[in-house]
Amino acid sequence: MKTRAIQYVVLVGVAAVFLGPLYWLVSTAFKEPSQIYQWPPAWWPHLTWENFSLAWKAAPFDRFFLNSTIITVVGTALKVINAVLTAYAFAYLRFPFKKVLFFLVLGAMMVPGHVTLLPNYLTVATLGWINTYAGLIIPGIGSAFATFLMRQHFLTLPTEVTDAAAVDGAGHLRTLWRVVLPMSQPMLVTVVVITAVEEWNNFVWPLIVTNTASMRTLPVGLLILKDEEGLAAWGTIMAGTLLVLAPMLLIFLIAQRYIVGGITQGALKG
């Protein structure tokens with residue numbers, strides 16, 4: 001009984017460490033300016049929506065939302081499709097230098113993303129894609145991590161099922177669509193959520209490859225908002241931050257029951 005009590009205390013402490021900053025962000029977004037700088041801190045705000053109105057008017061958040069939504073939806077779809085097809089090839093097809101190519105994919109996971117910024121920018125500039133959706137999306141449609149997760153999961157599926165599909169005359173695309181993906185729903189949802197969060201929160205690449213407010217995304221918009229409002233308007237800045245966080249938090253809450261199962265299904269095999 002005593003051990004269980006200690007475990008609960010530790011869990012509550014850990015939860016407070018992670019949830020405390022999030023609660024402070026949310027509460028500050030709803031606080032009046034006088035409450036933000038109050039000492040001792042005001043933990044329960046007098047609810048006001050003024051900060052959200054000020055944040056929405058201080059920067060073109062409607063355009064930022066549209067850009068982030070387009071980039072996240074299209075970028076996630078292309079990245080997941082690419083990862084699924086590549087993972088299926090590595091898991092089920094035979095072709096020359098298969099192991100070497102897979103090790104190259106693993107090696108790509110070890111390369112910091114910032115290393116590719118300059119060559120990607122030069123390529124995009126050469127193609128005339130600066131300040132376009134193509135320039136924002138296309139350079140990032142390959143994901144070694146998503147490919148690795150999907151490939152490792154495909155290897156855990158019973159080979160009898162795919163063999164049966166082959167005996168029935170199903171081709172690779174039909175086997176993937178009708179057999180493999182329905183059995184991979186938890187992992188697929190996990191990859192989609194991880195990829196969507198990555199696309200939504202991407203800051204450095206949109207900052208580099210865009211130069212007008214009409215093509216900026218929400219993370220870059222927060223920087224603009226901070227410059228517009230200055231260091232004193234923390235209520236407005238926190239309200240803008242909450243607007244950016246809310247869609248991904250909602251998606252995570254909806255999909256969380258799949259995520260743990262999906263990650264554990266990606267255990268190493270083969």
Side-chain angles (χ1 to χ4, degrees), residues 14-15 17-30 49 51-52 55-56 59-87 109 113 133 136-150 152-153 177 180-207 210 215-223 225 237-266:
V14 172
V17 170
F18 284 95
L19 296 179
L22 179 61
Y23 172 77
W24 189 255
L25 183 153
V26 174
S27 64
T28 302
F30 288 97
W49 294 93
N51 291 327
F52 293 91
W56 195 266
F61 265 88
D62 52 348
R63 184 66 188 184
F64 297 158
F65 260 107
L66 176 63
N67 292 337
S68 287
T69 300
I70 292 173
I71 292 167
T72 300
V73 172
V74 177
T76 299
L78 292 177
K79 188 174 287 188
V80 171
I81 290 172
N82 188 13
V84 167
L85 293 176
T86 307
M109 295 173 57
Y133 288 122
L136 285 164
I137 296 171
I138 299 300
I141 62 173
S143 174
F145 181 66
T147 300
F148 172 76
L149 283 182
M150 294 305 301
Q152 298 307 109
H153 170 69
W177 181 253
V180 175
L181 287 183
M183 298 173 63
S184 307
Q185 187 178 16
M187 175 56 72
L188 186 61
V189 172
T190 301
V191 170
V192 168
V193 171
I194 293 175
T195 304
V197 171
E198 180 183 3
E199 292 288 324
W200 185 267
N201 292 334
N202 195 2
F203 172 77
V204 176
W205 181 246
L207 180 65
T210 60
M215 290 302 297
R216 299 294 196 187
T217 58
L218 282 171
V220 181
L222 285 180
L223 180 63
L225 178 63
I237 295 171
M238 292 300 180
T241 304
L242 187 57
L243 289 174
V244 175
L245 289 177
M248 290 300 104
L249 287 176
L250 180 61
I251 290 175
F252 178 80
L253 291 175
I254 294 174
Q256 64 177 332
R257 67 191 183 95
Y258 294 99
I259 292 177
V260 174
I263 290 295
T264 56
Q265 288 181 14

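Numbering of residues begins at 1 and proceeds along the displayed sequence.
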Set of residues satisfying side chain to side chain contact (heavy atoms under 4.5 Å, CB included) with respect to Glu198, sequence neighbours excluded:
Lys79
Shortest non-hydrogen contact between [X] and [Y], atoms and distance:
X	Y	value
Val84	Met150	CG2-CE, 4.2 Å
Met109	Ala144	CG-CB, 3.5 Å
Pro219	Ser68	CD-OG, 4.2 Å
His153	Met183	NE2-O, 3.8 Å
Thr195	Val191	OG1-O, 2.7 Å
Leu223	Leu207	CD2-CD1, 4.5 Å

Show the numbers, then the answer: is there a side chain to side chain contact (heavy atoms under 4.5 Å, CB included) between Val244 and Trp200?
CA-CA 9 Å; Val244 175; Trp200 185 267; 3.8 Å; yes
Side-chain heavy-atom pair [X], [Y] within 4.5 angstrom cut-off:
X	Y	answer
Trp56	Leu243	yes
Thr210	Val220	no
Phe203	Leu222	no
Leu245	Leu25	yes
Tyr133	Val74	no
Asn82	Leu78	no
Leu188	Val80	yes
Asn51	Met238	no

Rounded distance (nearest 0.5 Å) linking atom [atom1] of [X] with atom [atom2] of [Y]:
X	Y	atom1	atom2	result
Asn67	Arg216	CG	CZ	10.5 Å
Leu66	Leu218	CG	CG	10.0 Å
Ile137	Ile70	CD1	CD1	7.5 Å
Thr72	Leu136	OG1	CG	10.5 Å
Thr190	Gln185	OG1	CD	10.0 Å

Might you work through the side chain to side chain contact (heavy atoms under 4.5 Å, CB included) test for Leu242 and Phe52, ending with a clear yes or no?
CA-CA 9 Å; Leu242 187 57; Phe52 293 91; 3.7 Å; yes
Results of ring-ring contact (aromatic ring centres under 6.0 Å, His included) for Phe61 - residues two or more places apart only:
Phe64
Has Trp177 got more than 12 heavy atoms of other residues, nucleotides or ligands less than 6.0 Å from its CH2?
no
